[in-house]
Amino acid sequence: MKPIYLDYHATTPVAPEVLEAMLPWFANNFGNPASRSHAYGWKASEAVEMARAQLANALHVDPTEIIFTSGSTEGLNMAIKGLAEASMDMGKHIVTVATEHHAVLDALAWLGKKGFEITTLSVGKDGILNLDSLKDSIRKDTIMVVVMWANNETGAIQPMSSVGKICRDRGVPLISDATQAFGKIAISPVESGADILSISAHKIYGPKGVGALYINKNLRPRPEALLHGGGHENGFRSGTLNVPGIVGLGKAAALSHMDLERSAKEIGQLRDHLETTILNELESISVNGHAQHRLPSVSNLAVAGVESQAVMSRFRSKLAISSGSACSSANPAPSHVLLAMGLSGTEAKSSFRFSLGSPTTKEEIDQAAQIFIDAVNAEREISPLWQLMKSGTDLS
Ligand SMILES: *Cc1c(COP(=O)(O)O)cnc(C)c1O
């Protein structure tokens, strides 16, 4: 038996309809969409433009505002470095938030070494940024604000309309990492005032290694390209297009937006069921992140008195979840997102991320909850830290 998969924020399986849509574009219809002189190229180009239209439709934007990338790491690097390069003569100050993905934080750290000044806003215990701090942080020489739509670890959803309004009022471009929000909640960059948005196919039941940027057609200056070559994608991103991947991304975007509200509601009910089951059975557990303003697909729990690695090693063959973010799982450092929310290193290292997907069933949730509860109980049994905490409460 395969372990129950509750790590959909790390990646998702390709949906059968998406795979089916992709298959003809590997061998049968193999043309290069940049080949303008024959039918092979025209056909591939049509498929790419269809996917562009599907994405534009899901985001309520113009197809000319969509640029294909290899995923959100590239998209965010391109948006941030490309806009920094293009805005050199306007200033060197950039504002972001401490809970951003490493694709944002590390790209900004690189710019920091090149002489840019980065202001990193803190968040509250709920993972939400403070709008007054944002207002105060913007200066005459601020060239961009980077705020993620929804957090991959806690699901915390930032107040993007207010963030966008502040940026619009001050004339500063707003870049948003919408990788987790897209396909899970309704988002509109135009309504919210985001000038650039990044999304990734493999978080929405599409293939790995493909994504897209929305770039507002009125944004000035235009971000500089990172990749130079044949001038594909209006010169924003050279390189032969990944046609099967792009077709898959378009299909995945269309599928996820067919019944967005109902899917969100169903997945939210399962998440709430998981959370109440665990919270009813175990004491001294708290939910990390805003209780309401968060994605319906995720539950991040701090479990007092245990180390998440030790608990997870008890059910590796039965249940696949994450401690902190998947990207930092290789090094067991406490999650920068949880630390930014005010958790101690110990609390962060005793936190777990359950993330649900459209294939998730009630049976899986019931089983996963029981596996998790048993493992925490067993671990607490032998945890000196837990024994100490318990005797502490007994004494008070
Ligand atoms: C997965 C993820 C990324 C990175 O996207 P890739 O397409 O895997 O490079 C960036 N930001 C968030 C919030 C993510 O969840």
Side-chain angles (χ1 to χ4, degrees), residues 5-14 18 55 66-81 96-110 123 127-129 146-158 160 163 174-185 187 189 194 196-214 226-227 237 239 242 245-246 248-250 252-253 256 288-289 293-300 321-330 335-338 340-341 353-357:
Y5 188 76
L6 290 178
D7 203 14
Y8 288 89
H9 277 202
T11 196
T12 61
V14 171
V18 171
L55 280 181
I66 302 291
I67 302 296
F68 292 110
T69 65
S70 69
S72 269
T73 300
E74 183 196 318
L76 292 163
N77 269 269
M78 173 184 158
I80 291 168
K81 294 174 184 170
T96 192
V97 186
T99 50
E100 294 292 306
H101 193 272
H102 276 296
V104 165
L105 294 178
D106 293 3
L108 288 173
W110 185 83
V123 295
I128 309 292
L129 65 78
V146 189
V147 176
M148 87 189 331
W149 208 292
N151 189 270
N152 44 309
E153 294 190 34
T154 63
I157 300 172
Q158 298 297 348
M160 290 313 292
V163 171
L174 170 61
I175 298 176
S176 184
D177 175 0
T179 314
Q180 291 293 347
F182 185 69
K184 299 194 180 94
I185 55 173
I187 61 174
I196 302 184
L197 217 71
S198 184
I199 65 167
S200 179
H202 78 100
K203 303 290 174 74
I204 59 163
Y205 310 96
K208 294 167 182 61
V210 60
L213 280 181
Y214 154 79
L226 289 190
L227 302 183
R237 203 255 185 191
N242 169 4
I246 288 168
L249 170 57
S256 64
N288 296 322
H293 298 302
R294 66 173 165 156
L295 295 175
S297 50
V298 66
S299 175
N300 196 308
I321 60 169
S322 173
S323 66
S325 106
C327 311
S328 59
S329 290
S335 145
H336 73 280
V337 171
L338 299 179
M341 289 161 60
R353 180 185 73 180
F354 297 83
S355 48
L356 291 64

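All ligand and atom numbering here is 1-based and tracks the order in the structure.
Less than 4.0 angstrom separates some heavy atom of His202 from each of these atoms of ligand 1: 6 (P), 7 (O), 8 (O). Annotation for ligand 1: atoms under 4.0 Å from non-hydrogen atoms of Gly71 are 7 (O). Those atoms of ligand 1 that come under 4.0 Å of a heavy atom in Met148, given as number and element, are 13 (C). Ligand-side atoms of ligand 1 in range of Ser200: 6 (P), 7 (O), range being under 4.0 angstrom from any heavy atom.
Close N/O approach between Gln180 and ligand 1 is found [any backbone or side-chain N/O within under 3.5 Å]. Ligand 1 has no N or O atom lying under 3.5 Å from any N or O atom of Glu74, backbone or side chain. Remark: ligand 1 and Ser72 share an N or O pair separated by less than 3.5 Å (distance only, no angle test).
For Thr73, heavy-atom contacts with ligand 1 shorter than 4.0 Å involve the backbone as well as the side chain.
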Under the criterion side-chain contact (heavy atoms from CB on, under 4.5 Å), I'd like the reasoning laid out for Arg294 against Asn300: C-alpha separation, chi angles, the key distance, then a yes or no.
CA-CA 11 Å; Arg294 66 173 165 156; Asn300 196 308; over 6 Å; no
Where do Leu6 and Leu356 land on the side-chain contact (heavy atoms from CB on, under 4.5 Å) test, with the steps shown first?
CA-CA 5 Å; Leu6 290 178; Leu356 291 64; 4.2 Å; yes
Hey, mind stepping through Met148 and Gln180 against side-chain contact (heavy atoms from CB on, under 4.5 Å) and telling me if it holds?
CA-CA 9 Å; Met148 87 189 331; Gln180 291 293 347; over 6 Å; no
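Leu338 is listed as a side-chain neighbour of Glu153, based on a closest heavy-atom distance under 4.5 Å. A heavy-atom distance below 4.5 Å is not found between the side chains of Ile187 and Met160. Two residues are said to be in side-chain contact when any heavy atoms from C-beta on lie closer than 4.5 Å; Asn152 and Thr179 fail this criterion.
With Lys208, Lys203, Glu153 as candidates, the residue nearest to atom 2 (C) of ligand 1 on a non-hydrogen basis is Lys203.
Put simply, CD1 on Ile67 and CG on Leu55 are 11.5 Å apart, with the number rounded to the nearest 0.5 Å.
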